[in-house]
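Encoded as structure tokens, the structure appears first; notes follow it.
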Amino acid sequence: MREIHVDKVRETVKRLCMEANYYLPQDVLNAFKEGKEKEVSPVGKNVFDILQENAKIAATEEIPYCQDTGFAVVFMEIGQDVRFVGGNLEDAINQGVAEGYTEGYLRKSIVSDPLFDRKNTGNNTPAVIHYSIVPGDKVKITVAAKGGGSENMSRLAMLKPADGIEGVKKFVLKAVNEAGPNPCPPITVGVGIGGTFEKVAYLAKKAILRPIGHRNPDPRYAKLEEELLEEINKLGIGPSGFGGKVTALDVKIEWYPCHIASLPVAVNIQCHASRHKEAEI
Amino acid sequence: MSAIKITAPITDDSVIENLKAGDLVLISGVIYTARDAAHKRIVEALDRGETLPFDLKGQIIYYAGPAPAKPGRPIGSVGPTTSYRMDPYAPRLLEVGLKGMIGKGTRSKEVIDAIVKYKGVYFGAVGGAAAYLARCVKEAEVIAYEDLGPEAVRRLVVVDFPAFVVNDIYGNDLYRIGKCKYMEIEDPELYRC
């Protein structure tokens, strides 16, 4: 057994919260450059210029790229030969979020309960934490700062198996079309297909973590990603929703086996502020 | 793109009459931030006949909740939030004199109609461009509902804050115009241009 002190987890989560919010990943920056070239609308091109400038200012001055610094969604891939010592793991993760959001001048956007008090918790906790146990003695931590605007435009449906590929395509296209300018296009579209009700939403969220341009290893799903991207970019929404050819930078699909009676599909929309950072302990 | 410079608050309706969907404007002067929770309180105060924390007449409200300011700066990153969440409140505010709203995303028919009826304007700023837009904010001060944290009402002094006219008093909608110009799918189930 390899022992890992929870303080190490806390420090890592704290750092990742700040870095995710200041520095956009290189794949997203590259996609902005390519997007500007592909875009035909002059206003759309101008939006790409602004996004590139925004990314530069955020990184240079170490201030958040977007004021909505998001819900901290933490993915913990824990090697089965690891044992945590020195305290409660979940408390350490939340402490890391609290320190990262407070010391990093990030906005606190979480309210205590959804219906009654809606009182800001003051330190952006709790995080949403997903644990998975994997082989080995390492811990991989990914922090995604997920903004509310794009999350609100996400959709889930339990389709009939008879709806098939066309049904999935129609549902994804409808979700993106209805979202329109609201989720801050150019977006990345995470699609989950299969599994159960809760699994499919998780798949859609996992999908947006994959770098832009990386296709699903299954060539059938890879082809579907490309077809969906092409269709979405015919919707005319464009950068910032002001009209144009580049509505999405990419479409990512993650899938899982499903029940004979089901065809679950989920669409998790990621705004252009695609903020996630990972580290291995 | 050439830009139209306007001053906030808007004291003359001719300013509004000159704005058309698609115009780029640069806003200078005083604007106020308010989002979901602040709107709820403002409308509740109006319902009770109370005095508002600021006079709405001629004002522009920016739908935004900034990130905290780093030491020595007036404000943290501050981009627009999605506007539809303020749709239930906006017509009421336009009725009592609000002139402009800055946000991102589509508005309801009720809001678009109220913009025409009360001579208002809805501006769309580039969503997510929060570090960029913060540079236009020279001063910021919480003037009401401090307990709401990022959702408190702030008085901002802005210089050349860029935004596009989305909904004008003539009933035009930039999102619709833009989409219909570039949409390549003909499917009335999806969208009718």
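Residue numbering restarts at 1 for every chain, and letters A, B, ... go by the order of the sequence lines. Predicted, not measured: the structure shown is a model, and the values here were computed from it.
- Side chains of E61(A) and K70(B) form no contact here, defined as non-hydrogen atoms less than 4.5 Å apart.
- Annotation: the span from K119(A) atom NZ to L148(B) atom CG amounts to 9.5 Å, rounded to 0.5 Å.
- Ring-plane geometry between F164(B) and F242(A) is classed as tilted, the angle between the planes lying from 30 to 60 degrees on a 0 to 90 degree scale.
- When the candidates R176(B), R135(B), E151(B), R85(B) are compared by the number of heavy-atom contacts under 4.5 Å with chain A, R135(B) comes out ahead.
- Of the inter-residue distances, the one linking K104(B) atom NZ with S240(A) atom OG reads 9.0 Å to the nearest 0.5 angstrom.
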Under 3.5 Å, which donor-acceptor pairs do the side chains of residues 34-47 of chain A form with other protein atoms, sequence neighbours left out?
unit_1	atom_1	unit_2	atom_2	d
K36(A)	NZ	D49(A)	OD1	3.0
E39(A)	OE1	K245(A)	N	3.0
E39(A)	OE1	V246(A)	N	2.8
E39(A)	OE2	S41(A)	N	3.0
E39(A)	OE2	K245(A)	N	2.9
S41(A)	OG	V43(A)	N	3.3
S41(A)	OG	G44(A)	N	2.8
S41(A)	OG	G243(A)	O	3.3
K45(A)	NZ	K36(A)	O	2.9
K45(A)	NZ	E39(A)	O	3.2

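- Neither the backbone nor the side chain of A273(A) comes within contact range of chain B, judged by heavy atoms closer than 4.5 Å.
- If you run side chain to side chain contact (heavy atoms under 4.5 Å, CB included) between R107(A) and each of P66(B), S77(B), P150(B), only P150(B) comes through.
- By the neighbour-count criterion of 12 heavy atoms within 6.0 Å, atom CD1 of I165(A) is sparsely surrounded, having that number or fewer from other residues, nucleotides or ligands.
- In this structure, no portion of E178(A) lies under 4.5 Å from any heavy atom of chain B.
- The neighbour count for R192(B) CZ, taken as heavy atoms of other residues, nucleotides or ligands under 6.0 Å away, does not exceed 12.
- More than 12 non-hydrogen atoms from other residues, nucleotides or ligands lie less than 6.0 angstrom from NZ of K138(B).
- In this structure, the portion of P80(B) lying under 4.5 Å from any heavy atom of chain A is its backbone and not its side chain.
- Remark: T106(B) OG1 to N182(A) CG distance equals 4.0 Å, nearest 0.5 Å.
- Residue I63(A) holds its CD1 atom at 5.0 Å from CZ of R73(B), rounded to the nearest 0.5 Å.
- Inter-residue side-chain proximity for L235(A) and I185(B) is flagged as met; some heavy-atom pair is nearer than 4.5 Å.
- H272(A) places a side-chain N or O within donor-acceptor distance of the main-chain N or O of G127(B), the cut-off being under 3.5 Å.
- For A134(B), no part lies near chain A; criterion is any non-hydrogen pair under 4.5 Å.
- K170(A) places none of its side-chain heavy atoms less than 4.5 Å from the side chain of L190(B).
- Side-chain N or O atoms of N54(A) include one that pairs as donor or acceptor with a backbone N or O of G128(B) at under 3.5 Å.
- Ranking G149(B), G65(B), A37(B) against chain A, the residue ahead of the rest is G65(B), based on heavy-atom pairs under 4.5 Å.
- In this structure, E230(A) places its CD atom where only 12 or fewer heavy-atom neighbours from other residues, nucleotides or ligands lie under 6.0 Å away.
- Taking CG of D36(B) as the reference point, atom CZ of R118(A) lies at 7.5 Å (rounded to 0.5 Å).
- Most heavy-atom pairs under 4.5 Å with chain B, from the set V111(A), L106(A), L51(A), N233(A): that is L106(A).
- Residues from residues 64-72 of chain A that place a non-hydrogen atom less than 4.5 Å from a non-hydrogen atom of chain B comprise P64(A), Y65(A), C66(A), Q67(A), given in numerical order.
- Y132(B) OH to I50(A) CD1: the interatomic distance, rounded to the nearest 0.5 Å, is 4.5 Å.
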